[in-house]
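All remarks here apply to the structure that follows.
Note that the structure is predicted; figures quoted are calculated from it, not measured.
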There are 2 protein chains.
Amino acid sequence: MATTVRSVRKAKGHGAERRQEILDAALMLFAQRGILAVSTRDIAAATGISQPALYAYFRTREEITAVLCEQAFLELRNRMLAAADHQAPTRASFIRMCRVYIDFGLQQPDAYRVAFMLEKGGPQPQETKARIIAAGVESFDCFHGQVARFVAAGLTRPGESVLLSQSLWAGLHGLVSLLIARPDFPWADREVLIARHIAALSDGVLL
Amino acid sequence: MATTVRSVRKAKGHGAERRQEILDAALMLFAQRGILAVSTRDIAAATGISQPALYAYFRTREEITAVLCEQAFLELRNRMLAAADHQAPTRASFIRMCRVYIDFGLQQPDAYRVAFMLEKGGPQPQETKARIIAAGVESFDCFHGQVARFVAAGLTRPGESVLLSQSLWAGLHGLVSLLIARPDFPWADREVLIARHIAALSDGVLL
DNA sequence: GCGATAAGTGATCACCGATCAATTGTGAGC
DNA sequence: GCTCACAATTGATCGGTGATCACTTATCGC
């Protein structure tokens, strides 16, 4: 089933390529079968290497998901930066910003799950943990920068921009995470619900 | 460490007691060590029985968490019913309702995690799955009943009450789940953030 | 008392994450 | 072109996991 083709041995300085191959294989398997249902042996087989070889690139299985988490945060940041127009902020651009976030989560539910919804089992190595937090903060800073433009333009209700940003982020995350985690719940029509939710968040944040 | 005292053998008709003892032990261990860090052997030892004995009461380990999930939903419903005053709905009572939800999540983070944030590994037995969904829907119906009172009183922005309820639930869940899942994030002061979030949700839902 | 049966157990299975010594292949120096 | 240090990778294995089995033990209706 999984690609069991043994991949060629990498030349001396090219460990980074193999590392990314492992990450790609892991993300694909996570998306196909769910994060908890994928073993290190599965990841190794899909990459075309033996299971112990994984541990030359990652200290633990959790570190693999941690790096994917970091990459997911960076991808979210890139999407937000790409979508950021530099026109004067309006209610319409606020709504667009919200949609970018929600679409990211719904289009890449596994990356989103890894980034925001994964239970941490054992304590991570300090350096790995710090990198994840840093990536998360970086994404949030980007988000906060967007929100701050609305604050500066005098379009928002009173409150510090950090407070408004964290509240808004939480509001967006709530819908995305519930739609991902509880797909069997009798939700209202998804598009209508998203539109209403964004409208509510806009009314809650903007004047 | 764990209570290794062997419990007395239950008389014939008293299996339900033992079943609840297992659930209590499991919830305690989940709260202490995290859900993924608790094994069936741990739960059995804390209950005072052997590990295979668990499988006389639950078909899989997942079914234990599933039943805890169901119980968490019912507890949430009870809290909401207990807090529901039957005075005329006001903005203040709306805010109180939001606080009940948030406090439930923050005071019982593991029950909340089990109910809303747990990744389902393999497919559940159909009957167990149906019971969880039913408990979740029951909780939501209770929540929806509260929101509908505000709608009926003409206090809300336009939109079906189901839509408003799902959006509001998502907004509340977003903050609770992020505070639980990412305690290391540099959050603003928790109380201030909660107050601002509830204010935003109120402004988004109420006129 | 006694036997049917519920309640509980030790042994064991396949699989998991992780580690180890041993092996294979690569490429710089000559 | 040959050699050889070392990066890259491996098979074997460890303790622990969820789950299942045949078996034993205690209870209660008769």
Calculate the interatomic distance between [X] atom [atom1] and [N] atom [atom2]; express it in whole Å.
{"X": "B:Arg41", "N": "C:dT12", "atom1": "CZ", "atom2": "P", "answer": "14 Å"}
{"X": "A:Glu63", "N": "C:dG17", "atom1": "CD", "atom2": "C1'", "answer": "14 Å"}
{"X": "B:Leu36", "N": "C:dC16", "atom1": "CG", "atom2": "P", "answer": "16 Å"}
{"X": "B:Glu21", "N": "C:dA7", "atom1": "CD", "atom2": "P", "answer": "13 Å"}
{"X": "A:Ile64", "N": "C:dG17", "atom1": "CD1", "atom2": "P", "answer": "9 Å"}
{"X": "A:Ile43", "N": "C:dC16", "atom1": "CD1", "atom2": "P", "answer": "11 Å"}
{"X": "B:Ile49", "N": "C:dT9", "atom1": "CD1", "atom2": "C1'", "answer": "11 Å"}
{"X": "B:Arg19", "N": "C:dG8", "atom1": "CZ", "atom2": "P", "answer": "14 Å"}

Original post:
Is B:Arg79 paired with B:Asp103 through a side-chain N to carboxylate O contact shorter than 4.0 Å?
Top reply: no
Which one, [options], comes nearest to the side chain of [X]?
{"X": "B:Tyr57", "options": "C:dA7, D:dT9, C:dT9", "value": "C:dA7"}
{"X": "A:Arg61", "options": "C:dG17, C:dG8, D:dG11", "value": "C:dG17"}
{"X": "B:Gln51", "options": "C:dA11, D:dT10, C:dA18", "value": "C:dA11"}
{"X": "B:Ser39", "options": "D:dT17, C:dA18, D:dT10", "value": "D:dT17"}
{"X": "B:Tyr55", "options": "C:dG8, C:dC16, D:dA19", "value": "D:dA19"}
{"X": "B:Thr60", "options": "C:dG8, D:dG11, D:dA19", "value": "D:dA19"}
{"X": "A:Pro52", "options": "C:dG17, C:dA11, D:dA12", "value": "D:dA12"}

**OP:** Kindly say if A:Arg59 contacts the phosphate of C:dT19, meaning a side-chain N or O under 4.0 Å from OP1 or OP2.
**Re:** no
Original post:
Do any side-chain nitrogens or oxygens of B:Thr40 fall under 4.0 Å of OP1 or OP2 in D:dG18?
Top reply: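 True: B:Thr40 side-chain N/O within range (under 4.0 Å) of D:dG18 OP1/OP2.
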**OP:** Check whether the ring centres of A:Phe140 and B:Phe185 lie less than 6.0 Å apart, and answer yes or no.
**Re:** yes
Original post:
Do the two ring centres, one from A:Phe73 and one from A:Tyr112, sit under 6.0 Å apart?
Top reply: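 A:Phe73 vs A:Tyr112: aromatic centres not under 6.0 Å.
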Subject >> Heavy-atom donor-acceptor pair, B:Arg41 side chain to B:Gln51 backbone, under 3.5 Å >> reply: no
Original post:
Hey, does B:Ala56 reach any base, or is it just sugar-phosphate, or nothing, if we go heavy atoms under 4.0 Å?
Top reply: nothing
**OP:** Would you indicate whether the side-chain heavy atoms of A:Phe94 and A:Leu168 approach each other to under 4.5 Å?
**Re:** yes
